[in-house]
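In what follows, a structure is listed as structure tokens, so that the remarks can point back to it.
Note that the structure is predicted; figures quoted are calculated from it, not measured. Each chain gets a letter, A, B and so on, in the order its sequence line appears, and its residues count up from 1.
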Amino acid sequence: MNIYRYFQTVVLSALQGLVSSGELPEGLDPARVTVEAPRDVGHGDLATNAAMVLAKAAGKKPRELAELLLPSLLAHPDIANGDIAGPGFINLRLTEDFWRERLKDIIVAGERYGDSDDGHGKRINVEYVSANPTGPMHAGHVRGAVIGDSVANLLAKVGYDVTREYYFNDAGSQVDVLARSTYLRYREALGEEIREIPEGLYPGEYLRDVGRALATRDGAKWLNEPEEAWLAPVRDFSVSYIMRLIGADLDLIGIKHDVFTNERELIDNGTLDKAFEILDDKGLIYIGTLPPPRGKIMEDWEPVPLTLFRSSLFGDSTDRPLKKRDGAWAYIMPDFAYHYDKIRRGFELIINVLGTDHGGYAERMRPAVAAFSDGKATLDVIFNGIVKIYNRGELVKLSKRSGNLITLREMVEQVGADAVRFFMLTRTPESELDFDFAKVTEQSKDNPVFYVQYAHARCRSVLRLAAEQYSSDILGAESLLDAQTGRLDSPEELDLIRRMAAWPAVVSGAAESHEPHKIAFYLYDLAAAFHQLWAKGKDNATLRFLLENDPSLTIARLALVQAVATVIASGLRLIGVDPAEELRS
RNA sequence: GCGCCCGUAGCUCAAUGGAUAGAGCAUCUGACUACGAAUCAGAAGGCUGGAGGUUCGAGUCCUUCCGGGCGCGCCA
């Protein structure tokens with residue numbers, strides 16, 4: 001149950017009642033009416049801005065309108081009391097029983113608590129990672145991978161039909177470079193001494209394995225052949241080898257895509273030609289000359305007639321060439337074809353996760369998506385900021401050219417998959433992130449991963465102990481649903497319940513805004529509230545969860561602990577982190 | 001030069017257009033023979049880069065300036 005949405009309908013029907021009785025004019029637009037949690041808990045459980053938003057249209061002062069609305073809200077059985085505050089807020093406090101009922105929602109739903117049908121089964125494509133097959137996954141790829149995967153999980157949880165997709169470019173010059181680099185290692189594997197990797201080829205050690213594998217498969221058959229003969233087979237071999245490497249790397253952090261699409265196939269099966277044809281049929285292609293880019297000095301600029309796409313009709317700052325002067329496809333054309341393919345497959349929502357260094361991508365791709373789908377499909381690009389790697393406070397310089405890269409595998413080996421995943425979500429996506437190996441492995445409060453996991457482990461510890469001291473039946477749904485939750489009446493207990501009751505709304509919000517970091521922050525706050533409650537039992541034994549002489553209160557508190565464990569576990573899994581039972585090392 | 005992103009406590013960062021802007025770290029003061037202290041309680045810390053505007057209400061939206069990051073050819 002999304003409590004804010006639920007009470008929004010309560011507010012709207014109260015307004016409707018006032019319209020029916022003639023106390024308010026008809027035709028009020030309720031679009032801006034919101035119900036939300038006040039920032040300050042002292043203001044109550046819920047606040048609505050209805051009176052302020054509708055005052056003008058209703059011809060009343062905000063507070064006057066609030067006075068009119070309040071009585072019909074107070075008539076609702078779940079609303080305990082309310083008042084009017086500030087410029088016209090209506091603050092509402094819900095009954096404690098309403099909150100306690102949510103505890104039972106959680107126990108009944110288990111980890112499905114927070115699921116919804118916001119997405120109505122709409123098909124949505126989330127493309128992430130999409131690294132070209134030139135080497136293993138490295139630190140620079142990890143953040144987008146985690147963000148994309150978590151967004152996909154979120155959207156699935158709120159009822160979208162999600163496809164997780166990986167696109168790779170296996171038709172450009174990059175893979176030819178890969179093939180030549182592999183060929184060198186292949187010769188090495190066959191006994192030749194390779195002193196230095198020539199400029200422009202990939203120096204990575206991992207290519208030794210590829211070369212060796214090729215030598216094992218094909219023997220010396222390419223050794224004395226010209227490049228024209230071996231380039232294509234070596235390329236194909238290398239690409240599929242590297243893609244297996246990447247797949248294994250992603251597996252380390254629990255990422256598995258549903259669909260892999262590659263550029264070569266889009267060209268070979270005619271999708272690219274078809275995409276161009278469609279734009280042409282829509283009258284969006286013409287031959288023209290572009291002005292030189294503004295403000296940039298280009299000595300070699302000369303105006304040449306080119307095949308252009310009228311992307312400026314769709315908000316682009318300029319029309320874009322789709323063919324080069326020699327008639328070959330321009331580099332964006334395969335990407336266009338790929339998006340045409342997504343639309344053809346029936347996706348209405350297309351999400352791409354990219355690094356901020358692809359800044360201009362959205363501007364170029366959005367017109368294409370609009371054109372191919374006749375405006376029906378929308379493209380959202382999530383840009384994620386770079387990750388700076390530190391080691392005990394010192395910046396680690398990374399360079400692809402020198403081969404000085406930190407691989408995903410190294411990261412996972414050093415800090416663990418859980419810490420990697422959680423840490424990548426401790427900032428808003430577009431901000432830069434400092435990833436310090438020392439900090440991420442630290443097992444303390446500064447490390448949010450352990451802080452949250454520890455709260456879960458503490459819950460499980462209590463539940464295990466309860467099962468030992470009483471019987472395992474005490475934790476069954478029957479027992480917990482029968483709990484006297486009315487006995488949970490301390491401010492800390494109710495605070496915890498309120499936080500958990502907000503979970504479905506948090507999930508919906510994070511999914512809608514494509515911001516998985518909100519889950520990480522929520523979990524941190526929930527964990528903090530739990531740790532606080534736990535600590536109360538230190539000073540005051542009557543506040544502990546397990547009470548020898550009060551079984552009914554014990555069961556009620558176990559229901560609370562069970563709910564906390566459930567919500568934390570559910571949230572952690574949503575972002576791909578394992579909710580560990582214990583953290584003892 | 002143009003476009004996108006960012007500027008919030010000493011540091012790292014939060015905050016669907018809402019009320020007195022919140023956490024953690026660092027600093028200072030306290031709490032463990034334990035339902036696991038990998039934790040908790042408290043103190044202190046702010047003109048949200050500057051100036052205008054829109055709004056009942058702006059860290060959030062608009063304009064402009066300052067400061068930082070990224071991108072910007074028919075290259076991939």
Considering just the side-chain nitrogens and oxygens of [X], establish if one lies under 4.0 Å of OP1 or OP2 belonging to [N].
{"X": "A:Lys439", "N": "B:A26", "result": "no"}
{"X": "A:Tyr451", "N": "B:C40", "result": "yes"}
{"X": "A:Trp534", "N": "B:A37", "result": "yes"}
{"X": "A:Lys538", "N": "B:U39", "result": "no"}
{"X": "A:Thr428", "N": "B:A14", "result": "yes"}
{"X": "A:Gln469", "N": "B:C35", "result": "no"}
{"X": "A:Lys324", "N": "B:C75", "result": "yes"}
{"X": "A:Ser431", "N": "B:A14", "result": "yes"}

In whole angstrom, what separates [X]'s [atom1] from [N]'s [atom2]?
{"X": "A:His456", "N": "B:G36", "atom1": "NE2", "atom2": "C1'", "result": "15 Å"}
{"X": "A:Asp495", "N": "B:C40", "atom1": "CG", "atom2": "C1'", "result": "15 Å"}
{"X": "A:Asp357", "N": "B:C72", "atom1": "CG", "atom2": "P", "result": "9 Å"}
{"X": "A:Glu432", "N": "B:G68", "atom1": "CD", "atom2": "C1'", "result": "9 Å"}

Seminar exercise, completed: On RNA chain B, more 5' by nearest nucleotide between A:Phe545 and A:Lys518 is A:Lys518
Problem set entry | Which residue lies more 5' along RNA chain B, comparing A:Tyr331 with A:Glu430 via nearest heavy atoms | A:Glu430
If you only use heavy atoms from C-beta on, which nucleotide in [options] is closest to the side chain of [X]?
{"X": "A:His531", "options": "B:G71, B:A19, B:U39", "value": "B:U39"}
{"X": "A:Pro321", "options": "B:C40, B:C74, B:A14", "value": "B:C74"}
{"X": "A:Arg458", "options": "B:C74, B:U39, B:C6", "value": "B:U39"}
{"X": "A:Ala535", "options": "B:C40, B:A14, B:G18", "value": "B:C40"}
{"X": "A:Asn49", "options": "B:U12, B:A37, B:G18", "value": "B:G18"}

Seminar exercise, completed: A correct dot-bracket answer for RNA chain B, with pairs being Watson-Crick or G-U at under 3.5 Å, [ ] for crossing pairs and | for inter-strand pairs, is (((((.(..((((....[...)))).(((((.......))))).....(((((..]....)))))).)))))....
Exercise. Mind checking whether A:Phe530 and A:Phe545 have ring centres under 6.0 Å apart?
Worked result: yes
Exercise. Hey, do the aromatic rings of A:Phe435 and A:Tyr390 have their centres closer than 6.0 Å?
Worked result: no
Any side-chain donor near an acceptor of the partner, [X] and [Y], under 3.5 Å:
{"X": "A:Ser461", "Y": "A:Glu582", "answer": "no"}
{"X": "A:Ser311", "Y": "A:Arg364", "answer": "no"}
{"X": "A:Thr542", "Y": "A:Asn540", "answer": "yes"}
{"X": "A:Tyr160", "Y": "A:Asp118", "answer": "no"}

Exercise. Would you say the side chain of A:Asn169 and the base of B:A76 hold a donor-acceptor pair, judged only by whether the two atoms sit under 3.5 Å apart?
Worked result: no
Exercise. For the side chain of A:Arg325 and the base of B:C74, is some donor closer than 3.5 Å to an acceptor across the two?
Worked result: yes
Sort me out a list of protein N/O and nucleotides 53-57 of chain B N/O pairs below 3.5 Å, or just none if empty.
| residue | atom | partner | partner atom | Å |
| --- | --- | --- | --- | --- |
| B:C56 | OP1 | A:Lys56 | NZ | 2.6 |

For this session: Answer with base, sugar-phosphate or nothing: what part of the nucleic acid does A:Leu465 contact at a heavy-atom distance below 4.0 Å?
Result: sugar-phosphate
For this session: Under the side chain to side chain donor-acceptor pair (under 3.5 Å) rule, collect the residues that match up with A:Thr378, sequence neighbours excluded.
Result: none
Exercise. Do the side chain of A:Thr289 and the main chain of A:Pro303 share a donor and acceptor less than 3.5 angstrom apart?
Worked result: no
For [X], enumerate each residue passing the side chain to side chain contact (heavy atoms under 4.5 Å, CB included) test, keeping only those at least two apart in sequence or located in another chain.
{"X": "A:Ala57", "answer": "A:Leu28"}
{"X": "A:Asp525", "answer": "A:Arg499"}
{"X": "A:Leu433", "answer": "A:Arg143, A:Val387, A:Met424, A:Thr426, A:Arg427"}

